[in-house]
There are 2 protein chains.
Amino acid sequence: MGIKYLTDGHRGMANVKMSDIASLAGVSESTVSRALCDNPLINEATRTRIKKIAEENGYVLDLRARNLRLQKTGTISVVFPLLHEVDSGISDPFFLEMLGHLADELAERHYDLLLHKIGPGEPRGLIDLVNERRSDGVLVIGQSTQNAVINELATRYEPLVVWGAALPDQHYLTVGSDNYNGAVTAVQHLVGLGHRRIAFFGDKTLPEIGQRYAGYVAAIEQAGIAPNPALECRVPFDRLGARKAMNGFLDQHIAFDAVFAASDLVAIAAINVFDQRGIKVPVDVAMVGFDDIMLAAAYTPALTTVRQDIGQGAKAMVEALFSRLNGTQAASTILPTSLVIRASCGAKMLQNKSA
Amino acid sequence: MGIKYLTDGHRGMANVKMSDIASLAGVSESTVSRALCDNPLINEATRTRIKKIAEENGYVLDLRARNLRLQKTGTISVVFPLLHEVDSGISDPFFLEMLGHLADELAERHYDLLLHKIGPGEPRGLIDLVNERRSDGVLVIGQSTQNAVINELATRYEPLVVWGAALPDQHYLTVGSDNYNGAVTAVQHLVGLGHRRIAFFGDKTLPEIGQRYAGYVAAIEQAGIAPNPALECRVPFDRLGARKAMNGFLDQHIAFDAVFAASDLVAIAAINVFDQRGIKVPVDVAMVGFDDIMLAAAYTPALTTVRQDIGQGAKAMVEALFSRLNGTQAASTILPTSLVIRASCGAKMLQNKSA
DNA sequence: ATAGTTATTGCAATCGATTGCATTTTGGTT
DNA sequence: AACCAAAATGCAATCGATTGCAATAACTAT
């Protein structure tokens with residue numbers, strides 16, 4: 001006699017299934033199924049024997065079959081604004097960092113991560129995705145301008161969590177940073193350095209940016225400075241549009257001594273445009289960004305910015321989603337931010353003023 | 001009488017299945033199945049009738065069931081070096097751009113994209129992924145140091161395509177840029193500008209970087225310059241390590257007038273470190289990068305770099321993978337690169353020389 | 001009308017797992 | 001030895017689609 005093995009074919013990967021293991025072990029499929037998931041109904045001895053056989057024959061269960069039977073997918077969709085067209089997109093490193101953390105959190109729960117890109121012109125994408133029921137839940141990173149679509153969807157689809165700003169009439173769970181207070185802190189910092197004419201760079205029609213703008217205004221006013229609409233530069237997301245907007249702003253020759261940029265990417269682009277026109281950061285103008293992407297620290301000059309804790313954010317999103325899946329109540333979360341001070345807004349201005 | 005509808009429950013999403021449509025239409029499931037996939041066996045009239053009923057009742061087929069039956073998954077795994085730990089990782093924007101393009105290519109072919117993060121310390125991850133057969137094929141972005149594992153896997157698993165350098169004893173298909181010639185062009189450009197003491201910044205133990213290094217050496221020698229090992233700075237991937245390596249290089253006070261950085265990220269970090277020590281790019285030192293990530297153009301100074309066509313790369317990878325899935329032969333691909341000249345290595349040096 | 005085609009449709013098995021219930025085996029008790 | 005409870009295992013239905021083959025309906029030509 002001797003131990004029987006299933007020979008795996010030429011392709012190397014034998015298509016071993018549960019019934020094969022069952023016959024090898026001389027038991028029924030039910031027993032194998034139960035043994036493999038440590039069901040206590042099965043005798044300790046048989047259980048280990050079966051497991052050993054399964055192991056030796058390289059058995060792995062077929063998730064399609066299991067999920068079909070269990071009526072689930074074992075998958076979470078992550079919807080992502082992946083914009084990469086030359087003229088319409090900047091791959092924000094912030095998203096990649098978020099994605100990495102989400103991948104971790106989901107892997108820990110043994111869920112797969114199905115990635116869906118969604119472009120600016122395809123609002124149906126999200127709806128279809130849900131209709132096809134390929135996943136047990138959906139995480140949306142960045143509602144940007146789609147919040148109407150998302151909101152409509154949310155009224156009939158529960159397991160949906162969105163990264164971004166919490167808005168008033170919102171039916172869906174959000175996890176996001178405290179944009180308002182983050183902005184307040186940033187602007188207060190600039191004020192503390194002696195800056196008075198602080199420009200706002202960003203597109204405040206986007207929900208998150210709108211909140212940052214509100215914080216900017218509040219901090220300005222609180223410092224006793226009159227908000228000046230001329231100091232606002234509406235910077236779109238695409239690179240060319242951004243440069244154009246910034247150059248247009250500079251062409252107006254409005255005096256300003258600092259910029260609060262709505263994201264690090266905007267800040268970086270601004271520094272670049274300024275540089276080309278001979279304006280040096282931080283010597284001539286102080287600059288604060290938002291996000292603290294990895295590159296913020298590596299930029300020249302290193303960027304002072306409002307840090308969002310992406311790891312926490314990812315964790316909160318996944319937790320909220322699984323609460324919904326389990327029927328537990330869960331509330332939207334607003335995560336605290338912190339100001340990271342680097343070279344892009346040195347203390348020089350303060351010294352100038354006091355001198 | 002009147003048309004019958006399946007009422008969808010409170011949750012909004014009715015769980016309509018094919019058998020429901022069958023009874024509504026008064027036909028068998030087989031007929032519905034065939035009608036929905038435009039099988040010509042089915043009468044034109046019934047086909048449209050069934051489709052209409054399916055549409056009205058919001059029917060969508062269950063992919064698990066279909067895939068189980070068809071013995072496939074409809075999914076491609078994308079394995080991704082998502083490193084985000086503070087001390088071990090930089091999220092290279094290059095990867096996100098690639099990911100976006102892959103998402104497009106796969107979506108076009110109606111395949112889902114399953115994302116798997118793989119950390120530096122988990123070589124088994126890739127193997128397990130394949131064993132679990134959750135996807136019909138695997139795309140690996142960046143072999144980095146894992147090529148031994150990948151190679152072993154490739155001997156028994158066919159539908160595998162890797163982004164990266166083509167290496168001698170490789171059993172797997174690769175798609176990658178022409179690292180060698182890209183580097184040659186970059187260095188020739190520096191030479192043409194009059195630079196003689198060109199440093200190499202990067203970790204040449206990684207396959208892709210190794211090829212770029214080879215190109216660097218070749219171009220140097222071809223210009224009649226003796227390669228100087230002291231001009232090589234081995235820059236690791238983590239930020240702190242990178243800074244340390246660069247500072248160490250500067251501490252040796254070896255004269256150099258230009259840097260060929262193995263990636264844009266390295267170039268960016270280098271400019272930053274140089275700046276902190278009073279070395280200005282491009283005034284004091286010229287800098288060329290590799291990749292042409294979005295940020296290269298937005299950096300200050302804008303980065304001269306070797307552009308990789310990521311869109312083409314993604315396309316080639318997916319095409320190669322599907323060839324394998326269809327049993328067609330496919331060969332590894334090497335994509336051409338192009339040099340993008342920007343501010344980081346201006347023509348100043350040349351003028352200095354000729355003056 | 002009738003046999004012979006051809007165009008449609010249905011039956012039933014199948015993909016690979018899970019699980020309620022029935023059944024067998026084992027062990028303990030008197 | 002007989003019986004009962006408890007432990008271990010097996011049977012068979014099920015998840016929702018696809019498809020070879022059989023069966024029926026609709027025509028065509030004689």
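Order of the sequence lines fixes the chain letters, A, B, ..., with proteins taken first and strands second; residue numbering starts at 1 for each chain.
- If you check every strand for non-hydrogen atoms under 4.0 Å, B:R34 touches a base.
- Place A:M18 and B:L41 on DNA chain C by their nearest nucleotides, and B:L41 ends up nearer the 5' end.
- Place B:A65 and B:T31 on DNA chain D by their nearest nucleotides, and B:A65 ends up nearer the 5' end.
- In terms of polar N and O atoms assigned as donor or acceptor, the side chain of B:S28 never comes within less than 3.5 Å of the base of C:dC11 in a complementary pairing.
- When the side-chain nitrogen and oxygen atoms of A:Q71 are compared with OP1 and OP2 of C:dT18, none of them lie within a distance under 4.0 Å.
- Between A:Y59 and C:dG16 there is no side-chain polar atom (N or O) within less than 4.0 angstrom of OP1 or OP2.
- Spacing between atom CG of B:D62 and atom C1' of D:dA17 amounts to 8 Å, rounded to whole angstrom units.
- In terms of polar N and O atoms assigned as donor or acceptor, the side chain of A:R66 never comes within less than 3.5 Å of the base of C:dT18 in a complementary pairing.
- The CD-P distance, from B:E29 to D:dG16, rounds to 10 Å in whole Å.
- Put simply, CG on B:L68 is 17 Å from P on C:dA13, counting in whole angstrom units.
- Look at CG on B:N67: it is 15 Å from P on C:dA17, rounded to the nearest Å.
- In this structure, B:I21 atom CD1 and C:dG10 atom C1' are separated by 18 Å, rounded to whole Å.
- A straight line from CZ of B:R47 to C1' of C:dT9 spans 14 Å, rounded to a whole angstrom.
- Checking side-chain atoms of A:D62 against main-chain N and O of A:R64 turns up a donor-acceptor pair under 3.5 Å.
- Under the 30°/60° scheme for interplanar angles, the aromatic rings of B:F322 and B:Y111 are found to stand perpendicular.
- Between A:S33 and C:dA17 there is no side-chain polar atom (N or O) within less than 4.0 angstrom of OP1 or OP2.
- The pair A:D38-A:K51 counts as a salt bridge, with a side-chain nitrogen and a carboxylate oxygen less than 4.0 angstrom apart.
- Atoms CG (B:D20) and C1' (D:dC15) sit 13 Å apart, rounded to a whole Å.
- Between A:S30 and A:P40, it is A:P40 whose nearest contact on DNA chain D lies nearer the 5' terminus.
- For the residue pair B:S30 / B:S33, no side-chain donor-acceptor distance below 3.5 Å is found, with atom types taken as modelled.
- Summarising the geometry, the separation between CG on A:L70 and P on D:dG16 is reported as 12 Å, rounded to the nearest angstrom.
- When atom types are taken as modelled, the side chain of B:D136 and the backbone of B:I76 share no donor-acceptor pair closer than 3.5 angstrom.
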